[in-house]
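Structure, as structure tokens:
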Amino acid sequence: MTAIRVRGLRKMYGSLDAVAGLDLDVPAGEVFALLGPNGAGKTTTVEILEGHRRRTAGEVSVLGTDPGRADRHWRARIGIVLQTASDAGDLTVAEIVRHLAGCYPRPRPPGEVIELVGLTGKAKSLVRTLSGGQRRRLDVALSIVGRPELLFLDEPTTGFDPEARRRFWELIRKLSAEGVTIVLTTHYLDEAEALADRLAVIARGAVVAEGTPATLGGRATAEALVSWAGHQERTADPAALVVRLAAEGADLSALTVTRPTLEDVYLGLIKEPSA
Amino acid sequence: MSVDILPGPVRLGLRRGGIEILQFVRDRTALVFTFFFPALLLLLFGSIFGGDDGDGVGAARVFTASMIAYGLVSTSFVTMGAGLAMDREDGTLKRLRGTPVTAPAYFLGKLLLVAVLSAAEVLVLLACGVLVFGMPLPADAGSWLTFGWLFVLSVVACGLLGIAASALVRHARTAGAILNVPVVALQFLSGVFINPIDQLPGWMITLASVFPVKWMAQGFRSVFLPDTAAGSEAAGSWELGRTALVLGAWCVLGLLLCLVTFRWSDRGES
């Protein structure tokens with residue numbers, strides 16, 4: 001089953017093409033990451049999928065419905081983690097989670113959601129006293145309390161310390177294991193590599209590459225760089241080169257074989273075409 | 001397996017109303033400035049100008065009746081306008097947009113907040129009038145019936161205009177200041193702070209007659225003052241029919257303005 005299907009999506013702001021003919025397919029149950037530099041059209045695309053923004057042209061189907069025409073029944077099936085929110089400051093964590101739980105037909109028990117995001121010790125604290133990381137985990141709690149089939153996370157870990165990010169990743173994996181389809185945008189390549197089943201790189205309003213973290217942009221088949229004792233050589237078959245070097249008696253004490261990292265591939269993909 | 005029913009707009013509106021009231025009560029600044037400020041003004045004005053005005057009706061009683069109009073503007077127009085600006089800025093509206101809470105449910109919640117605050121505001125002002133200034137409460141059902149429709153029309157008109165006015169507010173932290181400019185100006189123009197209203201220049205009364213506050217204050221005076229006091233009104237009578245017409249017209253206009261100006265986000269999108 002397809003959770004998201006997008007064909008020829010366009011969004012114009014005045015005469016500027018923020019999204020210029022974008023295609024996407026996300027099967028149900030997948031963790032899908034959208035990568036791209038600032039201004040590439042990630043947030044605009046995600047906001048169109050969430051039903052927050054109108055599109056200029058193109059076909060969009062999210063859970064079988066056009067989000068531009070979606071009703072409250074559709075909204076009950078999706079979850080959105082906001083990029084920046086400072087609402088509900090005068091309520092406690094438990095109060096706002098309980099309030100939103102009551103807005104859905106089949107909510108998770110509020111206590112269970114608070115436990116899931118690791119805020120049980122903060123349940124009776126006012127929301128405005130939470131730290132940045134706790135606040136984002138509350139945002140996740142509020143987005144999953146209605147048991148969404150599809151969860152959108154727009155740059156969820158920006159500003160997290162490394163430990164908070166690891167914990168956040170664990171949470172995303174848990175949700176994914178429950179069968180929730182997850183769409184996340186991120187700046188962090190390690191995050192995409194750690195979480196995503198598949199990812200797409202957006203640049204200048206269109207998808208420039210799509211694949212798994214291992215195969216994106218021909219990463220799996222790209223030439224490897226073999227370095228030893230002050231020498232370097234690029235080759236498609238590093239094993240053969242290493243065998244030959246060993247046979248020739250070269251000094252291999254500092255031998256390294258590197259494939260391009262996801263970051264190398266990514267930076268190559270988003271490079272502006274030189275005019 | 002049981003069929004899970006999505007809560008409808010009315011139920012969600014009631015839920016929103018509950019959470020809105022809880023948040024308002026927790027916000028001390030809003031509680032003091034929009035809720036207790038009118039009572040403070042009443043105590044000051046009533047004590048300063050408290051003498052008998054010669055018609056046998058104490059000025060403090062006139063202030064009490066008129067100040068109900070100011071109290072309702074404060075709890076409906078200002079609360080609604082500032083609350084909406086805040087909800088737009090802090091992400092409340094954006095969050096709700098992604099949930100089954102629809103716009104009618106959201107506004108039902110806001111109107112419930114405003115109605116409860118307004119009712120409490122009236123109680124506080126009447127308590128001041130009765131306990132501090134010895135104002136007698138009307139004993140006849142007719143006066144309370146008039147009070148009832150005046151209250152409903154006032155709160156609905158001011159609440160809707162507050163929603164529309166929030167479109168003019170760019171930053172939530174300036175909302176109180178911006179919204180209070182027309183509010184305070186209208187209190188002076190409409191004879192809430194200046195009693196009786198016929199002390200005002202004619203053009204001011206004409207200008208004030210376009211807006212709801214003058215009619216609200218006049219209406220509440222008709223409820224809480226003896227009929228002999230009607231002579232101090234601009235027209236020499238209570239004009240209740242015209243009051244209902246003007247306030248009703250503002251309700252309709254306010255609703256139209258809301259439908260035209262309301263946006264879920266501040267970026268001009270759906």
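So you know, we letter chains A, B, ... as the sequences are listed, proteins then strands, and number each from 1. Worth knowing before you read on, the calculation uses all heavy atoms, side chains too, and leaves out hydrogens, waters and symmetry mates.
Under the 3.5 Å distance criterion, with hydrogens and angles disregarded, no donor-acceptor pair is assigned to the side chains of B:Ser76 and B:Ser118.
For chain B, the option among A:Ile78, A:Ile96, A:Val81, A:Leu142 with the highest count of heavy-atom pairs below 4.5 Å is A:Leu142. Ranked by heavy-atom pairs under 4.5 Å with chain B, the first of A:His73, A:Arg72, A:Arg77 is A:Arg72. Contacts with chain A were tallied for B:Ile19, B:Val25, B:Thr92; B:Ile19 has the most, counting heavy-atom pairs under 4.5 Å.
Remark: A:Pro27 engages A:Glu30, A:Arg198 in a side chain to side chain contact (heavy atoms under 4.5 Å, CB included) (not counting sequence neighbours).
Residue A:Leu126 touches chain B through its side chain alone, counting heavy-atom pairs closer than 4.5 Å. Only the side chain of A:Leu82 comes within contact range of chain B, judged by heavy atoms closer than 4.5 Å. Proximity to chain A (any heavy atom under 4.5 Å) is restricted, for B:Thr102, to the side chain, taken from C-beta onward.
The only option from B:Phe224, B:Phe45, B:Phe220, B:Tyr70 that meets the ring-ring contact (aromatic ring centres under 6.0 Å, His included) definition with B:Phe63 turns out to be B:Phe45.
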For residues 109-123 of chain A, run the donor-acceptor check on the side chains, cut-off 3.5 Å, and write out each pair with its distance to 0.1 Å, sequence neighbours left out.
residue, atom, partner, partner atom, Å
A:Glu115, OE1, A:Thr120, OG1, 3.1

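Of all heavy-atom pairs spanning B:Leu247 and B:Ala157, the tightest one is O-CB, 4.1 Å.
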